[in-house]
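Everything below concerns the one structure shown next.
Per chain, numbering begins at 1; letters A, B, ... match sequence-line order. All figures in this text were calculated on a predicted structure; none of them were measured in a lab.
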Amino acid sequence: MKIKSIRGFHDILPESIRRWHFIEDAARRIFELYGFSEIRIPVLEFTDVFARSLGTTTDIVEKEMYTFEDRDGSSLTLRPEGTAGVVRAYIEDSMHAKSGISKLYYTGMMFRHERPQKGRFRGFYQIGAELIGPQEPASDAELVTMLWRFFEETELTQFLELEISSLGDQNCRPQYKEKLVEYFTPQKNDLCENCQRRLQANPLRILDCKEKKCKEIAAEAPSMLDNLCQECENHFNAVKENLTAVGVPFVINPKIVRGLDYYTRTVFEVTTQELGSQNAVAAGGRYDGLVEELGGPDIAAVGFAMGIERIVLLQEKAIPKGFPKKVDVFIAHLGDEARKAAFPLAIELRQKDVSVEMDYGNKSLKSQMKRADKLGAGFTFILGEEELEKGVVKVRNMNESSEEDIKINEVVDAYQKFKS
RNA sequence: GUGCGUGUAGCUCAGGUUGGUUAGAGCACUGGGUUGUGGUCCCAGGGGUCGCCGGUUCAAAUCCGGUCACGCACCCCA
């Protein structure tokens with residue numbers, strides 16, 4: 001039996017890792033510009049952290065978590081998302097006492113036991129950001145703007161749409177829920193099995209059911225946006241105003257329902273048509289109740305998470321060529337003496353930030369040239385017996401196919417001068 | 001978790017329906033043509049227990065069953 005990876009878990013190979021770096025670097029750069037700092041938190045938490053945050057009736061908690069017993073009997077879970085752990089750390093490390101505003105971002109692998117598909121894995125990477133402290137709508141707008149800037153930077157906005165809505169808060173949502181139940185109950189028998197169950201557990205989720213019949217019925221349902229309390233409405237309007245002011249394009253979709261229970265007020269999704277049924281690329285919203293729910297002070301927060309695999313998939317469409325790795329210099333050597341001389345030269349160049357490759361054994365010049373070409377070397381330094389005798393290296397410009405002899409003890413400086 | 005489809009060299013795929021001598025191609029890889037010069041060209045070579053297990057058969061890549069993986073849709077979501 002051949003050894004292999006677990007279903008739904010995959011390797012990210014060197015040929016695609018530069019694309020990942022491009023995406024991760026862009027996120028870091030932009031998030032840092034917006035005042036965020038990275039936080040690294042454990043992959044494993046007490047199950048309770050997620051159960052209490054996400055809501056016990058959510059699919060993630062009900063059937064997708066990797067949960068197991070520790071040796072002492074406590075229940076542990078591999079994180080299915082990042083927010084719960086960040087908030088746990090925020091509380092545990094008393095970050096609220098250090099500053100009124102905490103801007104945190106994270107990246108790492110998340111775990112959900114779903115049926116794997118393209119762009120959907122059991123072990124997958126997310127980058128997320130949490131802005132904890134302010135409850136003002138300007139913070140929602142800043143966070144969403146930051147997210148959109150990231151997609152601009154990675155050239156993905158052509159494939160994306162930003163949808164926003166408001167879910168109301170503790171004042172208006174319960175009343176709205178009742179209204180929904182009132183609306184759906186008479187038509188209960190026309191709803192799909194799933195939605196009949198949702199009517200009890202979480203009537204909001206009926207709104208984004210994909211079942212044709214449910215969609216029809218939901219189309220006429222009262223909208224949360226018409227039932228916001230004054231404060232929530234003001235908040236939502238201010239968010240929209242702020243986004244418009246900085247030119248972030250959005251559409252209002254009152255049917256947005258997040259899969260996690262902790263959201264309040266602003267919710268948003270960045271979606272695409274390019275990835276089949278995996279249309280969500282990033283999503284987030286405000287979660288004013290969560291910090292307190294997990295045992296911390298009553299502190300507001302907004303956040304989002306994005307799926308890196310899906311972004312990589314889109315990125316491949318935007319920039320199909322990718323990001324090939326290129327070396328600056330290839331040193332081709334002929335003969336044992338030349339090889340011995342080439343080695344310290346390679347090390348010295350690398351010391352000076354020049355990327356260098358060379359063969360380890362004795363290969364024909366031709367095959368070394370081929371390798372230099374394949375590695376995308378800008379220059380090949382040829383060091384054979386002739387050059388050794390004269391104390392020079394033959395420097396070949398690979399793009400112009402021109403060659404020039406340069407004294408071996410001057411070649412490093414000469415190369416650096418040429419580069420700058 | 002449900003349904004449908006696919007699974008042959010590192011990659012993309014022929015062959016399979018009509019089982020039958022050493023299972024093919026292109027790309028990639030290695031070497032040579034040019035005894036010291038890449039990206040083009042030519043030649044040669046290496047690489048496959050035909051996803052895995054079992055069944056039918058004198059004989060299975062080919063037919064059947066199961067299983068695993070991937071893909072698509074459902075579901076769910078980032």
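With B:G36, B:C72, B:U30 as the choices, the nucleotide that has an atom nearest any side-chain atom of A:E386 turns out to be B:G36. The nucleotide whose nearest atom lies closest to any side-chain atom of A:K394 is, among B:C74, B:U37, B:G71, B:U37. If you check B:G36, B:C72, B:U37 against the side chain of A:K118, the one that comes closest is B:C72. In this structure, of B:G38, B:U2, B:A73, it is B:G38 that holds the atom nearest to the side chain of A:S401. Of the candidates B:C70, B:G38, B:A78, the closest approach to any side-chain atom of A:R112 belongs to B:A78. Checked against B:C77, B:U37, B:C4, the side chain of A:K366 finds its nearest nucleotide in B:U37. Proximity note for A:I382 (side chain, C-beta onward) versus B:G31, B:G38, B:G36: the nearest is B:G36. Among the nucleotides B:G31, B:G38, B:C70, the one closest to any side-chain atom of A:M369 is B:G38. Considering only the side chain of A:Q278, B:C75 comes nearest among B:A69, B:C75, B:C29. In this structure, of B:A78, B:C75, B:U30, it is B:U30 that holds the atom nearest to the side chain of A:K374.
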Practice task
Let me see the working for A:F379 and A:F418 under ring-ring contact (aromatic ring centres under 6.0 Å, His included), right down to the final yes or no.
Solution key: CA-CA 11 Å; A:F379 289 85; A:F418 175 86; 5.1 Å; yes
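Of the side-chain N and O atoms in A:R7, one or more sit less than 4.0 angstrom from OP1 or OP2 of B:A69. For A:S367 and B:U30, the shortest distance from a side-chain N or O to OP1 or OP2 is not below 4.0 Å. For B:G31, neither phosphate oxygen OP1 nor OP2 lies less than 4.0 angstrom from any side-chain nitrogen or oxygen of A:K370. Under 4.0 angstrom from either OP1 or OP2 of B:C70 there lies no side-chain N or O belonging to A:Q117.
Using the Watson-Crick or G-U wobble rule with both distances under 3.5 Å, B:C74 pairs with B:G1. Checking B:C27 for Watson-Crick or G-U wobble geometry (two distances, each under 3.5 Å) identifies B:G10 as its partner. When both pairing distances are held under 3.5 Å, B:G47 makes no Watson-Crick or G-U pair with any nucleotide shown. In this structure, B:G16 forms no base pair with any nucleotide, since neither Watson-Crick nor G-U wobble geometry is met with both distances under 3.5 Å. Using N1 to N3 plus N6-O4 or O6-N4 for Watson-Crick, or N1-O2 and O6-N3 for G-U wobble, each under 3.5 Å, B:U37 pairs with nothing.
When only modelled atom types and interatomic distance are considered, A:Y125 and A:E24 share no side-chain donor-acceptor pair under 3.5 Å. Side-chain atoms of A:S355 and A:D328 form a donor-acceptor pair, as typed in the model, at a separation below 3.5 Å. In this structure, a donor-acceptor pair under 3.5 Å is present between the side chains of A:T83 and A:E130. Of the N and O atoms on the side chains of A:T77 and A:T67, at least one donor lies less than 3.5 Å from an acceptor on the other residue. Under the 3.5 Å distance criterion, with hydrogens and angles disregarded, no donor-acceptor pair is assigned to the side chains of A:N253 and A:S165.
Comparing the same atom, P, in B:C68 and in B:C58 gives a spacing of 31 Å after rounding to whole Å. On the C1' atoms, B:G46 is 16 Å away from B:C27, given to the nearest whole Å. Taking atom P on both B:A73 and B:C11, the two are 24 Å apart, rounded to the nearest angstrom. B:C70 and B:C29: their C1' atoms are spaced 26 Å apart (whole Å). Rounded to whole Å, the C1' atom of B:G48 lies 15 Å from the corresponding atom of B:A14. One P atom belongs to B:A61, the other to B:G19, and the distance between them is 14 Å to the nearest Å. Taking atom C1' in both B:A9 and B:A28, the straight-line distance is 11 Å, to the nearest Å. Separation of the P atoms belonging to B:G10 and B:U67 is 27 Å when rounded to the nearest angstrom.
Spacing between atom CG of A:N397 and atom C1' of B:U37 amounts to 14 Å, rounded to whole angstrom units. Atom CD in A:E387 sits roughly 11 Å away from atom C1' in B:U37 (whole-Å rounding). We find that CZ of A:R371 is positioned 9 Å from P of B:U30, with the value rounded to whole Å. The CG-P distance, from A:N362 to B:G36, rounds to 12 Å in whole Å. B:C70 atom C1' lies 15 Å from atom CG of A:D11, rounded to whole Å. Atom CD in A:Q368 sits about 17 Å away from atom C1' in B:G39, given to the nearest Å. Here B:G39 presents its P atom at 9 Å from CE of A:M398, a figure rounded to the nearest Å. Spacing between atom CD1 of A:I206 and atom P of B:C75 amounts to 15 Å, rounded to whole angstrom units.
For a distance-only test at 3.5 Å, the side chain of A:D373 fails to qualify as a donor-acceptor partner of the base of B:G39. A donor-acceptor contact under 3.5 Å is formed by the side chain of A:N279 with the base of B:C77. Residue side chain A:R396 reaches the base of B:G38 through a donor-acceptor N/O pair under 3.5 Å, judged by distance alone.
When each of A:R120 and A:A282 is assigned the nucleotide of RNA chain B with its nearest heavy atom, A:R120 is the one assigned upstream, toward the 5' end. The nearest heavy atom of RNA chain B to A:H113 and to A:P116 marks one nucleotide each, and the one closer to the 5' end goes with A:H113.
At a threshold of 4.0 angstrom between heavy atoms, the contacts of A:A372 with the nucleic acid are absent. Using a 4.0 Å heavy-atom distance criterion, A:S364 is classed as a sugar-phosphate-only contact. A:G119 comes within 4.0 angstrom of a base, heavy atoms only. Residue-level contact check: A:G8 touches the backbone only, with heavy atoms under 4.0 Å from sugar-phosphate atoms and none from bases. No engagement by A:F9 is indicated, since no non-hydrogen atom pair under 4.0 Å with the nucleic acid exists. At a threshold of 4.0 angstrom between heavy atoms, the contacts of A:F330 with the nucleic acid are absent.
In terms of heavy-atom proximity, A:P80 sits nearest to A:I60 at CB-CG2, 3.6 Å. Heavy-atom minimum distance, A:L131 versus A:L143: CB-CD1, 4.2 Å.
A:Y287 and A:Y263 have perpendicular rings, their planes meeting at more than 60° on a 0 to 90° scale where under 30° would count as parallel.
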